[in-house]
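Protein chains get the first letters and strands the later ones, always in sequence-line order, with residue 1 at the start of each. Just so it is clear, the values below take in all heavy atoms, side chains as well, and ignore hydrogens, waters and symmetry mates. All values reported here derive from a predicted model rather than from experimental measurement.
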Amino acid sequence: MEGRGSGRATVKPMKTGTKIALAAAVIAAVTARYWFYLAAEVSLPTDRTGFVIVFLGAAALGVYALIKRTSWLGAIPAVFAIVVGAFLPFTVSVSTQIVERESVIEVGDAMPQFTSIDGQGQAFDSASLNGHLVLIKFFRAHW
Amino acid sequence: MRRLEELRAEFDERGVKVLTVSVDLPEVIADRRHLHGLQATMLSDQQLTVTDKFGLRNQGFHSAPGSEEAEALPVPATLLIDKTGKVVWMDLSPDYQRRSDPSVVLAAMEAHFDIAGD
């Protein structure tokens with residue numbers, strides 16, 4: 001018992017800077033993981049301000065941790081947070097994947113009115129569908 | 001499209017107007033029409049204006065960041081609209097290769113378009 005107690009006492013308490021570095025790394029990693037999850041689901045939000053703020057915040061926290069002085073190993077999560085937090089906002093801003101799910105038509109909605117041209121090059125007005133049962137099929141291309 | 005044509009008698013029986021929307025050029029539509037023989041109004045929606053009205057632009061298909069036009073396509077979807085202009089059934093898939101099977105469309109028509117429900 002005594003030996004275990006003294007062994008524990010020899011472990012240096014974690015430096016404040018190291019704790020901050022670990023927190024920054026966790027924030028950066030979790031946010032990045034969530035971002036890539038949304039990207040895979042094709043449901044990235046149109047407004048990414050929150051993501052940018054969190055990523056930059058994680059990077060700033062990593063810098064702050066280094067200023068507060070971390071242990072030698074503690075610098076690793078700090079650098080990780082800075083790299084991820086500083087790089088991902090770039091990805092977030094250039095990614096063109098935008099899905100406006102709210103605007104997608106749903107059962108119970110009124111069909112939007114529209115005009116277009118048909119395969120003969122003739123003008124088409126959706127008003128001609130009024131009072132009829134209609135099947136509309138959207139597809140990629142003929143094949 | 002040929003598969004949809006299998007339901008021709010079912011559409012005629014119910015007086016269903018069939019409309020297709022794709023990004024194909026009118027020339028392509030005209031060219032292919034005789035191949036599948038589908039008696040439908042086939043719209044050429046190159047600018048995705050109709051697609052956007054329905055909110056069905058598939059925004060996930062960009063080949064690379066910044067390529068806005070290259071892969072702009074509608075999400076494959078089939079909708080049934082009743083006589084009051086209301087959407088009564090819809091089948092959409094984020095997988096552009098998947099299509100509504102004719103049997104699924106027929107079941108939906110039987111559920112929503114049949115005289116009993118009128």
Side-chain angles (χ1 to χ4, degrees), chain A residues 36-48 87-143, chain B residues 1 4 11 14-24 26 28-30 32-33 35-36 40-45 49-51 53-57 59-60 62 65-68 73-90 92 94 96-97 99-100 105 109 113:
Chain A
F36 285 115
Y37 165 77
L38 288 182
E41 293 286 304
V42 197
S43 56
L44 291 178
T46 311
D47 182 13
R48 289 100 181 251
F87 174 72
L88 278 178
F90 172 73
T91 311
V92 168
S93 60
V94 298
S95 179
T96 55
Q97 182 189 51
I98 300 162
V99 174
E100 292 163 8
R101 286 190 186 279
E102 291 141 58
S103 67
V104 173
I105 196 163
E106 284 173 30
V107 167
D109 288 352
M111 182 188 73
Q113 296 297 305
F114 56 89
T115 55
S116 186
I117 52 164
D118 67 17
Q120 279 77 50
Q122 302 291 309
F124 177 85
D125 190 336
S126 65
S128 68
L129 301 173
N130 294 349
H132 289 94
L133 296 174
V134 183
L135 179 143
I136 305 181
K137 192 172 177 71
F138 288 85
F139 62 103
R140 189 174 187 260
H142 283 91
W143 49 16
Chain B
M1 284 303 104
L4 204 55
F11 294 141
R14 294 171 177 82
V16 176
K17 287 206 172 196
V18 180
L19 202 67
T20 68
V21 182
S22 72
V23 294
D24 287 335
V28 176
I29 294 173
R32 299 291 169 86
R33 180 183 283 275
L35 279 181
H36 49 66
T41 302
M42 311 185 87
L43 303 178
S44 169
D45 190 32
T49 49
V50 178
T51 303
K53 287 247 169 118
F54 285 78
L56 293 172
R57 182 190 286 248
Q59 314 240 19
H62 292 295
S67 64
E68 291 294 330
L73 296 166
V75 176
T78 306
L79 295 87
L80 294 182
I81 316 288
D82 71 8
K83 288 183 179 177
T84 68
K86 195 177 75 178
V87 178
V88 291
W89 178 81
M90 185 168 71
L92 76 158
Y96 68 82
Q97 292 188 312
R99 305 197 173 194
S100 300
V105 175
M109 284 204 294
F113 279 1

Report task. Compare all side-chain heavy atoms of T78(B) with those of L135(A) and state whether any distance is below 4.5 angstrom. Result -> yes
**Report entry** Interface residue of largest heavy-atom contact number with chain A, from T51(B), V87(B), V88(B), under 4.5 Å
**Finding:** V87(B)
Report task. Output, in order, the C-alpha distance, side-chain angles, deciding distance and verdict of side-chain contact (heavy atoms from CB on, under 4.5 Å) for K83(B) and L133(A). Result -> CA-CA 5 Å; K83(B) 288 183 179 177; L133(A) 296 174; 3.9 Å; yes
Query - Contact leader toward chain B among V107(A), T115(A), D118(A), I136(A), where contacts are heavy-atom pairs under 4.5 Å - result: I136(A)
Query raised in the report: What residue among V16(B), I81(B), D82(B) forms side-chain contact (heavy atoms from CB on, under 4.5 Å) with V134(A)?
Result: I81(B)
**Report entry** Beyond-backbone contact of T20(B) with F139(A), side-chain heavy atoms, under 4.5 angstrom
**Finding:** yes
Requested in this report: Mind ranking L129(A), I117(A), N130(A) by heavy-atom pairs under 4.5 Å with chain B and telling me who comes out on top?
Outcome: I117(A)
Query raised in the report: Where do P112(A) and K53(B) come nearest, in terms of heavy atoms and distance?
Result: CG-O, 3.3 Å
Report summary line: Rounded to the nearest 0.5 angstrom, the CG-CZ distance for L19(B) and F124(A) is 4.5 Å
Query raised in the report: Quick one: what part of S44(B) sits under 4.5 Å from any heavy atom of chain A, side chain, backbone, both or neither?
Result: both
Report task. Rounded to the nearest 0.5 Å, what's the gap from CD on Q120(A) to OG1 on T41(B)? Could you check? Result -> 8.5 Å
Report summary line: Rounding to 0.5 Å, atoms CG (L79(B)) and CD (E106(A)) come to a distance of 11.5 Å
Report summary line: If one checks every heavy atom of S126(A) against chain B at 4.5 Å, the contacting part turns out to be neither
Report summary line: Shortest non-hydrogen pair, A30(B) vs G119(A), comes out as CB-O, 3.5 Å
Report summary line: If one checks every heavy atom of Q122(A) against chain B at 4.5 Å, the contacting part turns out to be neither
